[in-house]
Amino acid sequence: MTSTTRVRFAPSPTGALHIGGAHTALFNWLWARRNGGSFVLRIEDTDLVRSTAEFERTILQGLRWLGLDWDEGPDVGGDHGPYRQSERRDIYLEHAMKLVSSGQAYREGEAVIFSVPQGKMVAFDDVVYGRIEMASDTLKDIVLIKSDGFPTYNYAVVVDDHTMEISHVVRGEDHISNTPKQILLYEALGWEVPTFAHLPMILGKDKKKLSKRHGATSVYEYRDMGYHPDALFNYFALLGWNPGDEREIFTREEAVEMFDLARVTRKAAVFDIDKLNFVNQAHIARMSPLERARQTVPFWKEVGLDPDSRTEEWLAEVLNLLEGRGQTFRELAEYTDYFLSFEPVKKRYSADDIDEEHRKTLKSFFSTMLSLSSWEPEELEVMAKGWCDEKGIRLKDVAMPLRWALTGRKVSPGIFHVAVFLGRDEVRSRLSHYGLV
Ligand code: GLU
């Protein structure tokens, strides 16, 4: 085994970057960073029918968003692009012809086919799954190059992993059955076999293969739903691995420090959105108020608000009022929409539920409230309690109508805090819209 750690993520560009792929990429990246090694990105685009440049682009974007930077690849204007199998056809053909020359492979028209040696026991020690053995007699001959001149997966992956000097092949458990075929090819080519570490499957809560039925499957959808990449990173790291203690919330740097392939579990991991929400909420809570506000800006815009007309400090203050409520940036934006505009409140609430008697009481209360000399949450609360005691009514009989008129919601931060933050004039104007002053 080579002493430097070199790992790779080898997606086929036949779909977006899905949870399973991102998980595999993440574990490779962690292992490379843990060991000060290299993380190689290789696009396996030999399936001409299903591969598209657009899928490749979204996979790269998804990796960048998750912060899974790769270390090398052909120069593309100062940056390095990924390796692409479609650009390496000469290399595959060259090695296939060597196998033909040595009598280990044969041609059928344009195709090149490997003769599987009989009577051999192929074995390897998987870092995660332990010793795995397979009798070569159970295998059919392996197509190396198809008649269209393109290599097959099992062959190209061997040539690439060898020529790219990959030390550890870390990939999904669904590839365990391919590994003996690949080992036979390494042996036939006289190449050293890398270390294999297969990762457990990720299933939905119903223990079925993860699919659209379980919710968003592409990592980019999670960005659009208001998740922070550090939270997704943290959550993916917990699928099939844990730091060995109670820790569940950690930064990238902490994950790099703690990660060990030897601690990966065999048991299928369950993708649990509630857990992801919990992790996301914890990351939002750890972030600085200004950063939290910046991340929420696109979501305020999405619900039709104009956060750009406010200062970042003001937006950060608004979010501070939530005191940790809200599990995604989208929720933060929704839960605070009424601070940025009265429009959503009007859409949600009409005040039709208030009868004349109650309205009279409320008018009297609100006019007293609006004429208070000081406009501070404590003053408002003391005044409200005193006023209610005197009239023999419950505080909530005035606080709830106030909450509805200011926020259009049943639940909000302390309503006197909301009133003070909105300012006396805005409160008066909202109450007057509902005929409550
Ligand atoms: N292109 C293969 C896949 O997406 C790569 C498998 C491997 O890592 O060897 O499943």
Side-chain angles (χ1 to χ4, degrees), residues 1 8-15 20 24 40 42-51 83-199 201:
M1 200 182 80
R8 83 311 192 265
F9 175 50
S12 305
T14 54
T24 300
V40 171
R42 181 172 78 225
I43 301 293
E44 305 212 320
D45 56 352
T46 54
D47 182 340
L48 289 181
V49 182
R50 295 169 58 225
S51 301
Y83 294 108
R84 283 189 200 89
Q85 289 189 328
S86 58
E87 292 163 4
R88 298 167 53 80
R89 287 169 61 192
D90 294 350
I91 307 174
Y92 306 127
L93 190 61
E94 178 196 326
H95 293 290
M97 291 322 287
K98 276 202 253 167
L99 290 175
V100 173
S101 308
S102 64
Q104 293 166 284
Y106 55 92
R107 301 207 69 153
E108 250 178 39
E110 292 300 303
V112 182
I113 299 162
F114 176 71
S115 327
V116 169
Q118 295 301 291
K120 261 186 111 159
M121 194 51 112
V122 193
F124 65 102
D125 293 301
D126 191 276
V127 174
V128 178
Y129 288 84
R131 187 152 188 92
I132 294 175
E133 297 185 342
M134 190 186 266
S136 69
D137 298 0
T138 61
L139 298 173
K140 293 202 198 80
D141 283 359
I142 302 166
V143 176
L144 305 180
I145 309 273
K146 296 173 281 181
S147 47
D148 64 3
F150 277 83
T152 57
Y153 158 71
N154 274 315
Y155 173 59
V157 85
V158 167
V159 174
D160 286 340
D161 286 339
H162 172 75
T163 54
M164 294 176 187
E165 297 176 31
I166 298 303
S167 61
H168 296 71
V169 171
V170 182
R171 61 186 172 198
E173 169 244 53
D174 48 328
H175 285 289
I176 287 183
S177 61
N178 286 319
T179 309
K181 298 179 204 164
Q182 295 173 12
I183 291 175
L184 284 173
L185 295 175
Y186 279 102
E187 288 172 353
L189 287 157
W191 293 341
E192 193 181 344
V193 179
T195 301
F196 292 98
H198 287 90
L199 305 174
M201 283 301 238

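In what follows, residues are counted from 1 in the order of the sequence shown.
Of the inter-residue distances, the one linking Ile43 atom CD1 with Glu87 atom CD reads 10.0 Å to the nearest 0.5 angstrom. How far CG of Asn154 is from CD of Gln182: 4.5 Å, rounded to the nearest 0.5 Å. Note that the CZ atom of Arg107 and the CD1 atom of Ile145 stand 8.5 Å from one another [nearest 0.5 Å]. Residue Asp47 holds its CG atom at 12.0 Å from OG1 of Thr152, rounded to the nearest 0.5 Å. We find the CG-CG distance between Leu99 and Leu185 to be 7.5 Å, quoted to the nearest 0.5 Å. For the atom pair CD (Glu165) and CD (Glu192), the distance works out to 10.5 Å, reported to the nearest 0.5 Å.
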Under the side-chain contact (heavy atoms from CB on, under 4.5 Å) rule, what do Tyr129 and Ile176 come out as? Steps first, then yes or no, please. CA-CA 9 Å; Tyr129 288 84; Ile176 287 183; 3.9 Å; yes
When you look at Arg50 and Ser12, which way does the side chain to side chain donor-acceptor pair (under 3.5 Å) test go after all the steps? CA-CA 9 Å; Arg50 295 169 58 225; Ser12 305; over 6 Å; no
side-chain contact (heavy atoms from CB on, under 4.5 Å), that's the test. Do Tyr106 and Val112 meet it? Break it down for me. CA-CA 6 Å; Tyr106 55 92; Val112 182; over 6 Å; no
Given Val40 and Tyr83, is the side-chain contact (heavy atoms from CB on, under 4.5 Å) satisfied, shown in steps? CA-CA 8 Å; Val40 171; Tyr83 294 108; 3.6 Å; yes
Using side chain to side chain donor-acceptor pair (under 3.5 Å), reason through Asn178 and Tyr153 one step at a time and then give a plain yes or no. CA-CA 9 Å; Asn178 286 319; Tyr153 158 71; 4.6 Å; no
Check the pair Arg8 / Val169 against side-chain contact (heavy atoms from CB on, under 4.5 Å), numbers first and verdict last. CA-CA 7 Å; Arg8 83 311 192 265; Val169 171; 3.5 Å; yes
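Side-chain atoms of Ser136 come within 3.5 Å of backbone atoms of Pro117 as a donor-acceptor pair (strictly under, hydrogens ignored). The main-chain N or O of Ile142 is never found under 3.5 Å from a side-chain atom of Tyr155 such that the two would form a donor-acceptor pair. Side-chain atoms of Thr24 come within 3.5 Å of backbone atoms of Gly20 as a donor-acceptor pair (strictly under, hydrogens ignored). Within the 3.5 Å criterion, the main-chain N or O of Leu48 finds no donor-acceptor partner in the side chain of Ser51. Distance alone, capped at 3.5 Å, is enough to place a donor-acceptor pair between the Asp45 side chain and the Gln85 backbone.
Shown here are the salt bridge (Lys or Arg N to Asp or Glu O under 4.0 Å) partners of Arg171, two or more places apart in sequence or in another chain: there are none. For the ring pair (Phe, Tyr, Trp, His ring centres under 6.0 Å) test, no residue two or more places apart in sequence or in another chain qualifies with His198. Evaluation of the ring pair (Phe, Tyr, Trp, His ring centres under 6.0 Å) rule for Phe196 yields Phe124 as partners, not counting sequence neighbours. Under the rule for a salt bridge (Lys or Arg N to Asp or Glu O under 4.0 Å), the partners of Glu44 that lie at least two apart in sequence or sit in another chain are Arg42.
Residues Tyr92 and Leu144 are not in side-chain contact: their nearest non-hydrogen atoms beyond the backbone lie 4.5 Å or more apart. Contact check for Met134 versus Leu139: side-chain heavy atoms found under the 4.5 Å cut-off. Side chains of Leu184 and Val122 form a contact here, defined as non-hydrogen atoms less than 4.5 Å apart.
Sorted by first then second residue, the salt bridge (charged side-chain N to carboxylate O under 4.0 Å, His left out) pairs that include residues 133-143, not counting sequence neighbours, are Arg131-Glu133. Listed by first and then second residue, the side-chain hydrogen bond (donor to acceptor under 3.5 Å, both in side chains) pairs involving residues 109-119 amount to none (not counting sequence neighbours).
Judged by distance alone, the side chains of Thr163 and Arg88 do bring a donor and an acceptor atom under 3.5 Å apart.
What you find for Ala123 and Ile183 is that their closest heavy atoms are O-CD1, 4.2 Å. Of all non-hydrogen atoms in Val127 and Ala197, the two that sit nearest each other are CB-CB, 3.8 Å. Looking at every heavy atom in both residues, Phe114 comes nearest to Ala188 through CE1-CB, 3.5 Å.
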